Amino acid sequence: AKSQGRNTYGFYTEDLTRYASQRLDLETRLRRALAQAEFVVFYQPVLSVADGRLLGAEALVRWQPAGEAMISPAEFIPIAEETGLILPLGEWVLREACRQAQAWISAGLAFGSMAVNLSAAQFKRQDVGAMLREVLEETGLPAGRLELEITESNLMDQGERAAAMLDRLKELGLRLAIDDFGTGYSSLAYLKRFAIDKLKIDRSFVKDLADDRNDLAIAAAVVAMARALEISVQAEGVETASQLALLATLGCGAYQGYLCSPPVPAAEFEARFLRHR
Ligand code: C2E
Ligand code: CA
Ligand code: CA
Ligand code: CA
């Protein structure tokens, strides 16, 4: 039994070592990728449920290593968050997305607002307000055209401080959205204290909207609650016309999803979705 135990232990450390070195490798590669500008921002259209009008876009980062396949954020954002690299990366995405939005607006194109994801590490930083102000100033994007997405779980982690942190961000004049809404456990009373402009219904509730009565009930409740609190609602992950029709019936204001388009490069977004005013 003893030798077996040692053996198991041996395997375990070997796995851990391999795991750790893969991580280290990825971290090194991420650092280099930032320096060598291997990240790209894609844009997914956000549309009005009622009439299909373009409301703006969500900025979503991709990693394009030279000569390799594109790497999805699901693979590197968690590591960027653990290593703190999310701070320079997140700031880069924000600056790039704001620069792009302002370029479209000043070219006279009918672009609404730009949504950018703010990670927990960014949100918690004392100087996040100063960073945001600087980026808005540098890019010239009016604060009212920027929407920051903060996940529900990120907000809940901040406990009592969350409301004050959101208030500080709101003072900049931008809009705030709660991302992945419904996956955490925020209470109604809590929500009311938050200076929130939008709830984004998580894709997991939208997926089976047409077949699952519970998901339909949840989506209906979120829309009704948001309306009562005068918060707008956006559904994510809308893939079918029947999902969209149900969202229209519920009174959901906006949506994004493959039904219209996946996230696409800036040039494609411009060609497909932007028109002169
Ligand atoms: P998220 O913020 O919830 O973004 C929505 C994700 O759903 C995106 O995945 C988008 O491509 C995908 N999506 C949109 N419509 C559909 C649909 O109809 N069907 C399906 N199956 N998927 C759809 P993506 O771009 O792979 O990003 C994954 C996550 O990575 C994001 O989830 C976000 O949490 C994170 N992320 C991406 N870019 C950034 C960033 O710049 N900063 C931070 N902090 N996180 C980011
Ligand atoms: Ca998001
Ligand atoms: Ca989301
Ligand atoms: Ca999500």
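Here the structure is a predicted model, which means the values were calculated and not measured. Note that ligands are numbered from 1 as they come in the structure, with each ligand's atoms numbered from 1 the same way.
- Within a 6.0 Å radius of CZ in R272, other residues, nucleotides and ligands contribute more than 12 heavy atoms.
- Here is the list of ligand 1 atoms found below 4.0 Å of a heavy atom in D180: 3 (O).
- Considering backbone and side-chain atoms alike, N117 places an N or O below 3.5 Å from some N or O of ligand 1.
- Residue-level proximity to ligand 1 for Q256 is absent, since no heavy atom of it falls below 4.0 angstrom.
- Between E152 and K200, no side-chain nitrogen of the basic residue sits less than 4.0 Å from a carboxylate oxygen of the acidic one, so the salt-bridge criterion is not met.
- Here L259 has no heavy atoms under 4.0 Å from ligand 1, in either its backbone or its side chain.
- Under 4.0 angstrom from ligand 1, there are no non-hydrogen atoms of L89.
- Taking the six-membered ring where the residue is Trp, the centroids of F76 and F39 are separated by under 6.0 Å.
- Interface atoms of ligand 1 facing E236, defined by a heavy-atom separation under 4.0 Å, are 3 (O).
- Remark: ligand 1 atoms within the under-4.0 Å shell around heavy atoms of Q44 are 14 (C), 15 (N).
- Shown in contact with E58 at under 4.0 Å from a heavy atom are these atoms of ligand 1, numbered in order with element: 2 (O), 4 (O).
- Checking each of T183, D179, I178 against F181 for a side chain to side chain contact (heavy atoms under 4.5 Å, CB included) leaves exactly one that passes, namely I178.
- At a threshold of 4.0 Å, the pair R133-E171 does not count as salt-bridged, since none of the basic side-chain nitrogens sits closer than that to a carboxylate oxygen.
- Sorted by chain and number, the protein atoms of type N, O or S within less than 3.0 Å of the Ca ion (ligand 2) are E58 OE2, N117 OD1, E149 OE1, D179 OD2.
- Counting non-hydrogen atoms of neighbouring residues, nucleotides and ligands closer than 6.0 angstrom, the CD atom of Q126 reaches no more than 12 such neighbours.
- Interface atoms of ligand 1 facing G257, defined by a heavy-atom separation under 4.0 Å, are 15 (N), 18 (O).
- For A115, the side-chain contact (heavy atoms from CB on, under 4.5 Å) test picks out E58, E147, E149, with sequence neighbours left out.
- Considering V222, D197, I196 as possible partners of I231, the one that fulfils the side chain to side chain contact (heavy atoms under 4.5 Å, CB included) test is I196.
- Remark: C252 SG to I201 CD1 distance equals 5.0 Å, nearest 0.5 Å.
- The environment of CZ in R99 is crowded: more than 12 heavy-atom neighbours from other residues, nucleotides or ligands sit within 6.0 Å.
- Other residues, nucleotides and ligands contribute more than 12 heavy atoms inside 6.0 Å of the CD atom of E68.
- Polar contact check, E149 against ligand 1: no nitrogen or oxygen pair lies under 3.5 Å apart.
- Every atom of ligand 1 is numbered from 1 in the order shown, and the set under 4.0 Å from a heavy atom of V93 is 41 (O).
- One finds the CD atom of E81 at 10.0 Å from the CG atom of L89 (value rounded to the nearest 0.5 Å).
- Heavy-atom neighbours of K207 NZ from other residues, nucleotides or ligands within 6.0 Å: at or below the threshold of 12.
- Considering both main-chain and side-chain atoms, E81 never comes within under 3.5 Å of ligand 1 through any nitrogen or oxygen pair.
- Close N/O approach between Q122 and ligand 1 is not found [any backbone or side-chain N/O within under 3.5 Å].
- A salt bridge is absent between D157 and K124: the closest approach of a Lys/Arg side-chain nitrogen to an acidic carboxylate oxygen does not fall below 4.0 angstrom.
- Of all the heavy atoms of L60, the ones lying under 4.0 Å from any atom of ligand 1 are found in both the backbone and the side chain.
- When heavy-atom distances to ligand 1 are checked against a 4.0 Å cut-off, P263 comes that close only through its side chain, counted from C-beta outward.
- For the pair V61 and ligand 1, the shortest N or O to N or O distance falls below 3.5 Å.
- In this structure, F111 and W104 have tilted ring planes: the angle between them lies in the 30° to 60° band.
- Atoms of ligand 1 lying under 4.0 Å from any heavy atom of E239, numbered from 1 in the order shown and given with element: 17 (C), 18 (O), 19 (N), 20 (C), 21 (N).
- Atom 30 (O) of ligand 1 has its nearest heavy-atom neighbour, among P73, G237, G90, in P73.
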